[in-house]
2 protein chains.
Amino acid sequence: MQPKEILKEHVSKTITLTDEQFDYFFSHFTYKTFKKGQTIIGEGDKVDCEYFVLSGYLKSFFINDDMKMFILQFAMPTWWASDYNALYSGERATVNVDCITDAEVLCLTSQDREKLCREIHEGEHFFRWRTNKGYVATQKRLLSFMNNDAKHRYEELLAQYPTLYNIVPKQLIASYLGVSRETLSRLYHS
Amino acid sequence: MQPKEILKEHVSKTITLTDEQFDYFFSHFTYKTFKKGQTIIGEGDKVDCEYFVLSGYLKSFFINDDMKMFILQFAMPTWWASDYNALYSGERATVNVDCITDAEVLCLTSQDREKLCREIHEGEHFFRWRTNKGYVATQKRLLSFMNNDAKHRYEELLAQYPTLYNIVPKQLIASYLGVSRETLSRLYHS
DNA sequence: TTATTTATGTGACCTACATCACATTTCAGG
DNA sequence: CCTGAAATGTGATGTAGGTCACATAAATAA
């Protein structure tokens, strides 16, 4: 399937655009490819894009002072990724985004997103709903963090995204769950 | 300050509306008062409103199977509160909202919010940005949960919201931080 | 293929925080 | 102003999960 079709199908789940409107919408995106391991957003960068994943897997993550990594999100096809704090506030990136596998993405600059939101009311609607879904999902994850132990969170993750298990190194799964890789290893060998 | 002025000042930080537009916007809100301890949204309720706090303090929280409480958010004046999952999905409430103190709020039904978003482009813009801020804040809190220990999170909370310390029972602060009340007590007596 | 890194498994031990028990203080209602 | 009910403090003890150390396996480069 073509990038344009993938995006169209995704957007159509929330809003209805005429073909002309969608052509215009799509014209603001730039197609890019990245290699496995490549950095898309690095800490300290100026952030001006968000990324719509066409193929492959990204991760957005934070590195603390002890060089320990915490994964905020895995991004799979039709998901969006960026450092949304930096993107909306204009501050430098504190969150990194890089490629777990080779990946194809569509880039949308913050400027163009705001332009599209201004020019196409439905576009603004789309981005409101997308953000809202992200908000609710993050809140659920926060609750799960407070409420459940590591084993429970591990099972939850696998139930929700079975594909991750085969594609993503266990280290990264551990970083997502907020446990050490040793603990994760013990969890699923029991 | 009047409810209308409080909301206007709040909304003006993100968007510009003419007086007529704002009058129309405001006409969709309903003023309500609640007593300390009163439930605004209870688990299992049908949720059709979100609440803009004019005065007082609310909390939104989740109760797990062991009857343990987890606080998602304290809502203070000019903050919004609801069960946003239930509100957007139409499902029953899993998150409760109640009053820590006597409170005045403005209620906006989900229907009216969507109506306003449809009729006033700037309105949609406002709600998109508000949600985005919530999203980023929740993501930061999630990171803090993974990264920092209870003491660090405690100091972070007090630095950000010093007023909470005097108004909100320590139990609730503990529930927000995700530690037992005993542990919290030990943290700040050392 | 082999060499060299990088990911994973597993034991021993440590620590932050939970839980339970009970004392003490604070507060709201009569 | 008293009185019972919450809220808070504090000790003793348990446990999930961290950290360190090293073995093994898998992936990537040469």
Side-chain angles (χ1 to χ4, degrees), chain A residues 34-39 56-57 59 61 63-71 74 98-102 142-158 164-190, chain B residues 34-39 56-57 59 61-71 74 98-103 142-158 164-190:
Chain A
F34 292 95
K35 291 276 163 214
K36 177 175 177 173
Q38 219 179 324
T39 297
Y57 285 75
K59 64 175 189 285
F61 59 101
I63 305 280
N64 77 1
D65 300 338
D66 306 330
M67 300 297 287
K68 205 166 143 182
M69 174 192 293
F70 299 93
I71 292 191
F74 295 114
D98 73 14
C99 301
I100 297 175
T101 64
D102 289 357
L142 181 65
L143 264 184
S144 181
F145 239 91
M146 298 201 274
N147 193 5
N148 304 131
D149 62 14
K151 180 152 205 173
H152 194 113
R153 295 202 303 279
Y154 169 67
E155 279 154 8
E156 214 167 51
L157 179 67
L158 283 199
L164 282 180
Y165 188 82
N166 306 307
I167 293 168
V168 175
K170 306 282 170 285
Q171 295 211 54
L172 297 185
I173 306 246
S175 300
Y176 181 90
L177 295 174
V179 295
S180 67
R181 50 170 207 83
E182 293 94 330
T183 296
L184 178 63
S185 170
R186 283 169 182 124
L187 282 182
Y188 62 77
H189 288 111
S190 64
Chain B
F34 291 95
K35 290 276 162 212
K36 177 176 178 175
Q38 221 180 324
T39 298
Y57 286 75
K59 64 176 190 283
F61 60 101
F62 173 78
I63 305 281
N64 78 358
D65 300 340
D66 306 331
M67 299 297 289
K68 206 167 144 181
M69 174 192 292
F70 299 94
I71 292 190
F74 294 113
D98 72 14
C99 301
I100 297 175
T101 64
D102 289 358
L142 182 65
L143 264 183
S144 180
F145 240 91
M146 299 200 276
N147 193 4
N148 305 131
D149 63 12
K151 180 152 204 171
H152 195 113
R153 295 203 303 281
Y154 168 68
E155 278 154 8
E156 214 167 52
L157 178 67
L158 282 199
L164 282 181
Y165 188 82
N166 306 307
I167 292 168
V168 174
K170 307 280 169 289
Q171 293 211 56
L172 297 185
I173 306 242
S175 300
Y176 181 92
L177 295 174
V179 295
S180 67
R181 52 170 205 84
E182 293 94 331
T183 296
L184 178 63
S185 170
R186 282 169 183 123
L187 283 182
Y188 61 78
H189 288 111
S190 67

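In what follows, chains are A, B, ... by sequence order, proteins preceding strands, each numbered from 1.
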Exercise. So, is A/Y188 near the phosphate of C/dG9, with a side-chain N or O under 4.0 Å from OP1 or OP2?
Worked result: yes
Exercise. Between D/dA7 atom P and B/I173 atom CD1, what is the distance in whole Å?
Worked result: 14 Å
For this session: To the nearest 0.5 angstrom, please state how far the CD atom of A/Q171 sits from the CG atom of A/L184.
Result: 10.0 Å
Problem set entry | Straight-line distance of A/K35 NZ to A/D102 CG, nearest 0.5 Å | 4.5 Å
Problem set entry | Nucleotide of C/dA7, C/dT19, D/dG17 approaching A/P169 most closely (side-chain heavy atoms) | C/dA7
Problem set entry | B/K170 NZ: over 12 foreign heavy atoms closer than 6.0 Å | yes
Exercise. Once you round it to whole Å, what is the distance between P of C/dC17 and CG of A/D149?
Worked result: 17 Å
Exercise. Phosphate oxygens OP1/OP2 of C/dC17: is one of them under 4.0 Å from a side-chain N or O of B/T183?
Worked result: no
Protein and nucleotides 20-26 of chain C: nitrogen or oxygen contacts under 3.5 angstrom:
residue	atom	partner	partner atom	Å
C/dC20	N4	B/E182	OE2	3.3

For this session: Please state how far atom CG in B/N166 lies from atom P in C/dC27, giving the value in whole angstrom units.
Result: 12 Å
Seminar exercise, completed: Note: for B/V179 and A/V168 on DNA chain C, the residue whose nearest nucleotide lies more 5' is A/V168
Exercise. Under the 6.0 Å and 45° cation-pi test, does A/K151 pair with A/Y188?
Worked result: no
For this session: Return the value, rounded to whole Å, for the distance between atom CG of A/D66 and atom P of D/dG18.
Result: 14 Å
Between N or O atoms, less than 3.5 Å apart, protein on one side and nucleotides 27-29 of chain D on the other: list the pairs.
residue	atom	partner	partner atom	Å
D/dT28	OP1	A/K36	NZ	2.8

For this session: Please tell me if the side chains of A/F34 and A/D98 come closer than 4.5 Å, counting only heavy atoms from C-beta onward.
Result: no
Exercise. Taking C-beta and beyond as the side chain, do A/N147 and A/L143 meet within less than 4.5 Å on heavy atoms?
Worked result: no
Problem set entry | Protein-nucleotide distance (A/L177, atom CG; D/dG18, atom P), rounded to Å | 10 Å
For this session: Using a 4.5 Å cut-off on heavy atoms from C-beta on, say whether the side chain of A/L187 contacts that of A/E155.
Result: no
Exercise. Between the axis at one end of the helix from C/dT1-D/dA30 to C/dG30-D/dC1 and the axis at the other (five pairs apiece), what's the angle to 10 degrees?
Worked result: 60°
For this session: Kindly compute the distance separating CD1 (A/I173) from CZ (A/R153), expressed to the nearest 0.5 Å.
Result: 13.0 Å
Exercise. Touch check for B/G37, heavy atoms < 4.0 angstrom, all strands: base, sugar-phosphate only, or nothing?
Worked result: nothing
For this session: Provide, to the nearest angstrom, the distance between the NE2 atom belonging to B/H152 and the P atom belonging to C/dA16.
Result: 15 Å
Exercise. Rounded to the Å, how far apart are B/F145 CZ and C/dA16 C1'?
Worked result: 14 Å
Seminar exercise, completed: Interatomic distance, CE@B/M146 vs OG@A/S175, rounded to 0.5 Å, equals 9.0 Å
For this session: May I ask you to check if B/K68 and B/F62 form a cation-pi contact, with NZ or CZ under 6.0 angstrom from the six-membered ring centre and within 45° of the axis?
Result: no
Problem set entry | With A/F74, the ring-ring contact (aromatic ring centres under 6.0 Å, His included) member among A/Y57, A/Y176, A/Y165 | A/Y176
Exercise. When the distance from NE2 of B/H189 to C1' of D/dA7 is rounded to whole Å, what number comes out?
Worked result: 13 Å
For this session: Could you tell me how the ring of A/F145 sits relative to the ring of B/F145: parallel (under 30°), tilted (30 to 60°) or perpendicular (over 60°)?
Result: perpendicular
